[in-house]
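All chains are named by letter (A, B, ...) in the order of the sequence lines, taking the proteins before the strands, and each is independently numbered beginning at 1. Any value given below was found using the heavy atoms of this structure, including those in side chains, with hydrogens, waters and symmetry copies removed.
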Amino acid sequence: MHPQLETLLEIQDLKTQRRELQETASERAMQEEVFNLGADQAIVQLDEKIAEMEDTLPTLTRNRYNRIASRYERVMVPVIGGTCYGCFVSVPTALSSDADRNNEVRACQNCGRFLYLID
Amino acid sequence: MELREFFTEDGINLDLKGETKDEILKELIALLGLDDKSEGILYKMLKRRENLGSTGIGKGIAIPHCRSLVVNRLRVAFGRKPAGVEFKAIDDQPVHNFFLIIAPPLEVSNQYLPVLGKIAQFSKEADVASRLEKLHSPNEFLGLLQEKGV
């Protein structure tokens with residue numbers, strides 16, 4: 001996997017975690033009641049980690065990342081069954097069936113989001 | 001929806017070898033049968049979740065969990081370490097039983113929280129810890145889930 005793609009994927013996973021704690025009342029309640037997690041403090045820690053990881057992105061990728069982030073909540077999305085799960089438009093077959101997929105940083109030609117290809 | 005539907009025998013290990021929290025997390029992830037890169041990413045995510053606060057909920061049970069792009073459907077696994085492992089659990093006691101839950105960021109059927117809740121509910125039943133301790137086979141684990149009707 002391309003190292004930048006791996007970083008983008010981790011950032012996206014952290015953002016998902018943060019969003020669920022911030023916006024999903026049932027998730028927040030579960031984390032606080034079952035796991036005794038201080039949700040507000042956890043969000044601060046996640047923000048710090050996300051910012052730290054964003055800073056490691058090379059300038060070009062970072063600029064592209066920022067552009068996408070200003071338009072969409074999810075900057076990186078999976079491609080499943082040949083479909084971009086950001087805009088739900090099919091991606092070119094050559095891309096989705098590439099044996100070396102995820103060895104390059106690729107974006108959806110329709111919505112521009114970074115793509116992560118999974119089976 | 002019942003918990004039994006989500007577990008398979010391949011995703012159950014009643015004799016985890018790991019001696020530390022990190023080793024146990026890696027063994028649990030390995031039960032999902034993902035590629036090495038995905039395993040590595042999941043490990044980092046689970047570690048980050050544990051750094052926010054332990055998922056050891058007491059009574060010898062932990063439920064490591066996260067959402068990640070590396071899976072395209074909800075995945076679960078169960079592991080048991082009879083001798084127990086220090087996991088910084090809520091009750092400061094060693095953890096013997098581990099339920100791993102990984103879900104994609106977006107789920108059509110939204111199963112992640114209900115599954116997490118059901119496992120937490122199951123874990124809190126008075127006889128569950130002792131019943132888990134006595135299991136001899138993955139099939140018995142599946143039977144216990146079925147019997148409890150969670």
Side-chain angles (χ1 to χ4, degrees), chain A residues 1-3 5-21 24-46 48-50 52-53 73-81 83 85-86 88 101-103 114-119, chain B residues 33-59 61-73 75 87-92 99 101-108 110 112-124:
Chain A
M1 186 185 300
H2 193 289
L5 195 69
E6 192 171 331
T7 304
L8 288 164
L9 198 152
E10 286 178 42
I11 291 171
Q12 189 59 59
D13 283 350
L14 289 170
K15 283 185 155 186
T16 300
Q17 199 175 340
R18 187 204 184 283
R19 190 180 64 242
E20 296 241 315
L21 275 177
T24 311
S26 49
E27 166 81 17
R28 189 183 178 98
M30 172 91 69
Q31 294 295 342
E32 290 182 334
E33 289 163 21
V34 177
F35 298 99
N36 209 19
L37 183 75
D40 290 331
Q41 194 188 345
I43 288 169
V44 171
Q45 288 181 48
L46 287 168
E48 287 171 0
K49 190 65 201 173
I50 290 165
E52 184 187 310
M53 294 193 73
E73 194 170 27
R74 291 179 302 137
V75 173
M76 172 172 267
V77 293
V79 173
I80 303 172
T83 300
Y85 267 57
F88 297 96
R101 56 207 195 151
N102 297 322
N103 282 342
F114 292 108
L115 297 176
Y116 178 67
L117 289 93
I118 53 178
D119 294 323
Chain B
L34 303 170
D35 61 80
D36 290 350
K37 270 291 175 192
S38 299
E39 284 190 358
I41 288 165
L42 273 189
Y43 174 68
K44 281 192 215 170
M45 284 307 296
L46 288 171
K47 282 281 288 176
R48 291 207 175 105
R49 172 61 188 80
E50 292 296 327
N51 289 340
L52 296 177
S54 175
T55 57
I57 61 170
K59 293 186 177 179
I61 292 174
I63 315 175
H65 59 276
C66 69
R67 284 193 189 270
S68 177
L69 275 164
V70 302
V71 295
N72 61 10
R73 62 184 169 88
R75 304 294 305 274
F87 214 78
K88 294 193 173 126
I90 288 173
D91 58 2
D92 282 329
F99 293 86
I101 312 174
I102 311 291
L106 288 179
E107 294 172 281
V108 178
N110 244 341
Y112 177 57
L113 274 184
V115 166
L116 192 51
K118 275 176 179 277
I119 289 177
Q121 174 199 337
F122 171 76
S123 303
K124 285 181 176 170

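For the atom pair OH of A:Y116 and OG of B:S38, the computed distance is 3.5 Å after rounding to the nearest 0.5 Å.
The contact between B:V71 and chain A is made entirely by backbone atoms, counting heavy-atom distances below 4.5 Å. Contact of A:M30 with chain B is made through the side chain alone, with heavy-atom distances under 4.5 Å. Of the two parts of A:T16, only the side chain, counted from C-beta on, holds a non-hydrogen atom closer than 4.5 Å to a non-hydrogen atom of chain B. Only the backbone of B:N51 comes within less than 4.5 Å of a heavy atom of chain A; no side-chain atom from C-beta onward does. For A:Q17, the part sitting under 4.5 Å from any heavy atom of chain B is the side chain, from C-beta outward, and nothing else.
Taking each heavy atom of B:L116 and A:F35 in turn, the nearest pair found is CD1-CZ, 4.0 Å. Considering every non-hydrogen atom in both A:Y85 and B:L106, the closest pair reads O-CD1, 4.3 Å. When every heavy atom of A:E10 is checked against every heavy atom of B:R48, the shortest pair comes out as OE1-NH1, 3.1 Å. Heavy-atom minimum distance, B:L69 versus A:Q12: CD1-CG, 3.8 Å.
Under the side chain to side chain contact (heavy atoms under 4.5 Å, CB included) criterion, A:N36 pairs with B:I90, not counting sequence neighbours. Shown here are the side chain to side chain contact (heavy atoms under 4.5 Å, CB included) partners of A:Q45, two or more places apart in sequence or in another chain: A:Q41, B:L52.
Counting heavy atoms from C-beta on, the side chains of A:D13 and B:I41 come closer than 4.5 Å. Looking at A:L37 and B:R49, their side chains come closer than 4.5 Å, going by heavy atoms from C-beta outward.
Put simply, of A:E20, A:R74, A:M76, the one with the most heavy-atom pairs under 4.5 Å next to chain B is A:E20. The most heavy-atom pairs under 4.5 Å with chain A, out of B:I57, B:L113, B:I63, come from B:L113.
Taking 4.0 Å as the cut-off between side-chain N and carboxylate O, B:K44 and A:E6 count as a salt-bridged pair.
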